[in-house]
Structure formats: structure tokens, C-alpha cells
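Report on one structure; see the data block that follows.
In listed order, ligands and their atoms are each counted from 1.
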Amino acid sequence: MHNILITAGDGIGPEIMEEAKRVLSCFEGELSFDFTEKLIGGAAFEQYGSPFPKETEEAAQKSDAILFGAVGGPKWDVLPLAQRPEKGVLAIRKTLGLYANLRPLTIWPQLVDFSPLRPEILNDVSFIIVRELTGDVYFGEPRGFKEENGQRSAFNTMVYTEEEIRRISKVAFDLARKRKKRVCSIDKSNVLESMRFWREIVEDTHRDYPDIELSHLYVDNAAMQIIRKPSSFDVMLTSNMFGDILSDESAVLSGSLGLLPSSSIGGKNALYEPIHGSAPDIAGKGLANPIGMILSVAMMMDHSFNRPDIAKNIHQAVSNVLDKGLRTTDIWSQGMKKVSTSEMGHAIEKEIRMM
Ligand code: IPM
Ligand code: MG
């Protein structure tokens, strides 16, 4: 029995989660699931006054895997940071010790024309971002606002411990062993102490991985190389904030932010979520692309339930649907069939059931 916690969240979260559940339903029988649904983010704030209520936390602790949609919306923008919806996802990651966030980039040949980059730049592009997820300026102390001599200021702390850098580096090197054996670590060691330390510890950890080729890039240069020569990357190792930024940038290569899944691992269980946000502007209209969410289910099958075969089938189903010309609005172009969020989910379900 696999205990799965569903946290759909806000905005388009509930819509894409419906499609994830539809895909999961294809494997009921072959696998057995026990689903629990809990609130997180703005939806949880409305009911409990907290974006990560105790109830959700307890259910998360008990689950084998968590499916997470998205959080946030303009309604809650005025709240203090500690109560904002975003705090819900930050807290669940931190509480469960999910320090490694894996964000693989797939270039779908069917969508190459939709990418803002020229097709020849996208040849042989396949990389994965290994983003540190529970440290950095996101969680560093001290942080806050202050007022001194009539001057107001605000501050955060970019801090990493040796252990935090070592364990995320190991995740990247281990993953590279199963891929093209190349790790590129991203930092800003020319300016920031914490990032100079990052480079030092990454290099030290690398001593145990002589079979892996390690290179380093400053984050500004990395942002440029992702556009200029994305095929040069295999495993990209990043700190929390740099990974947040570079993963949105990378997603654009594939054609849409809505296509990218992620897994957050390192604790006793794992969390799966698309990398995009809650897109409140399109929520409830059937315009959201459920593919990033559905591919997050594939990552769950592979990592949490040890079923790489099912993960592969889900990928194949997505590919078949794209072959048939079905497109949600974000990836639609002339001559293709425009479909809604749930039509896309239904089509993927149908492909899976035919396998
Ligand atoms: C992401 C998101 C989150 C982050 C937000 C919603 C807190 O942008 O998962 O990339 O910054 O980590
Ligand atoms: Mg982000």
C-alpha cells in the first residue's frame, strides 16, 4: 500500500491535480494507493490561518509520497511572509528534510518549433538541475526588517554549512554516474563568501568521484550558457536561489514552464511537484497545462515506488498525445488541436490504458 498525500494548493493547483489523479487511476489494481487530501498555501490559510497547518504536516509525515500542485495568489500578497502561501511549500520541504530538488529538462521534438530558441541550439539538449532546497538565503538567519536612525532597511543571510553543500553535491555526483558523468556547479564565488565556500566543498566532495567530470560556472555566465549552448550541460548543481531562477529559464527552452516536473528528495519520503506556480490569472478556465504535474507523477513512480517502467509509459503517453497534435493553450500553434486541461489529462489517460 502506498500512502499518497495530495496537496493541490491554489490557483491552477486543483485543476492539474485532477489530471494527476486521473493518470494515477490507471495503475490502481497493479499498485494500491491510499490517498489523503489536505490543504496547503492560501487555501489552508483561509481555513486554518496558516499556510502549513498541523493537520497537513502530520499527514505529510505519515505519507510515503506527496503530490503538490502550486500555491499563491494576489489575494494573499498583503500577508506577512510567514503567513503567505509560499511559506506552505517552503515549510513542507524543510520539515520533511527534502533538501534535494531534481528538475529534469526534456526537449519534446514535437514542440521544438514552439521554443523561442532556434531548433539547432536544442539538438542533444537534456540536462537536470539539482537544486539545493532547504538552505541558502531562503532560510538563512538573521533575516528581517529594521529601522535605525530613521533609516529603514531589510536583510537576509546567504549561508551554507559544509554538510549541506556536501550532501547536495553527492546527490549531483551520484546522479551524474547514471548519466553523461558531467557535473557543472553554479556559484558566485567571485563575489560571495558563501559561494566561495560552496565551490570549495563541491571540489572536496568531488575527490570521491574521480570518474565524474566537474566544472564550475558563475551564475551570470550559466544563465547565458543555458541560452547559448544548453547542450553543454548534463547535471547542473545549484544553490537554492540560483536553482529557482535557472530552472524557470531552462523551462522556456522546452516551450513552456507548464511542462516541467520535479522531485524533492533526501528525507524519509519525497514530494513531487511541477516547477511552475499557481498562475492565478488562468485559474479555473481549463487553460493550464497538466503535463508538468503528470510527469511529476512519473517521477514518483520511478523514485518512490521503484517503477521506472510505469514512469516510462507515462512519458510515452505524453509523447503520443503530442504526436497527435493535442495542445493546451500555452503550447498551441497554428494547425494543432487546442485542448483544455482536462481534455489533455483524458487523452494521456487513454494512451496509458491502451499500453
Ligand atoms: C519553485 C517556486 C517556489 C520557490 C516558491 C513558490 C516558494 O518558485 O518551486 O520554484 O521559490 O522555491
Ligand atoms: Mg521557482
(request) Could you tell me which atoms of ligand 1, counted from 1 in the order shown, lie closer than 4.0 angstrom to a heavy atom of R131? (result)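 Listed by number with element, the hits are 1 (C), 4 (C), 9 (O), 10 (O), 11 (O), 12 (O).
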Under a 4.0 Å N-O cut-off, is there an ion pair linking [X] with [Y]?
X	Y	value
E163	R166	no
K337	E343	no
D187	R196	no
K188	D220	yes

(message) Please state which option from E273, H276, R93 has its nearest heavy atom closest to atom 9 (O) of ligand 1.
(response)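 When every heavy atom of E273, H276, R93 is considered, R93 comes closest to atom 9 (O) of ligand 1.
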(request) Would you check if there is a donor-acceptor pair between the side chains of W76 and E86 at a distance under 3.5 Å? (result)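 The criterion, which ignores hydrogens and geometry beyond distance, is not satisfied for W76 and E86.
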(request) Check whether the side chains of S278 and D10 place a donor and an acceptor atom closer than 3.5 Å, and report yes or no. (result)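 There is no such pair (donor and acceptor under 3.5 Å, judged by atom type) between the side chains of S278 and D10.
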(message) So that I can check it, does any N, O or S atom in D248 come closer than 2.8 Å to the Mg ion (ligand 2)?
(response)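 D248 does not place any N, O or S atom closer than 2.8 Å to the Mg ion (ligand 2).
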(request) Would you sort out whether T161 and R167 count as a side-chain contact (heavy atoms from CB on, under 4.5 Å), showing the intermediate values? (result) CA-CA 10 Å; T161 65; R167 66 186 182 182; over 6 Å; no
Protein heavy atom at shortest distance from [atom]:
atom	value
atom 2 (C) of ligand 1	D244 OD1, 3.9 Å
atom 11 (O) of ligand 1	Y138 OH, 2.5 Å
atom 6 (C) of ligand 1	E86 CG, 3.9 Å

(request) Answer with yes or no whether R84 contacts ligand 1, where contact means a heavy atom under 4.0 Å from a ligand atom. (result)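 Outside the 4.0 Å threshold, so no.
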(request) Give the contacting part of R103 toward ligand 1: side chain, backbone, both or neither, where contact means a heavy-atom distance below 4.0 Å. (result)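 Side chain only.
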(request) Using only N, O or S atoms, tell me which atom of D244 is closest to the Mg ion (ligand 2). (result)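 Result: OD1.
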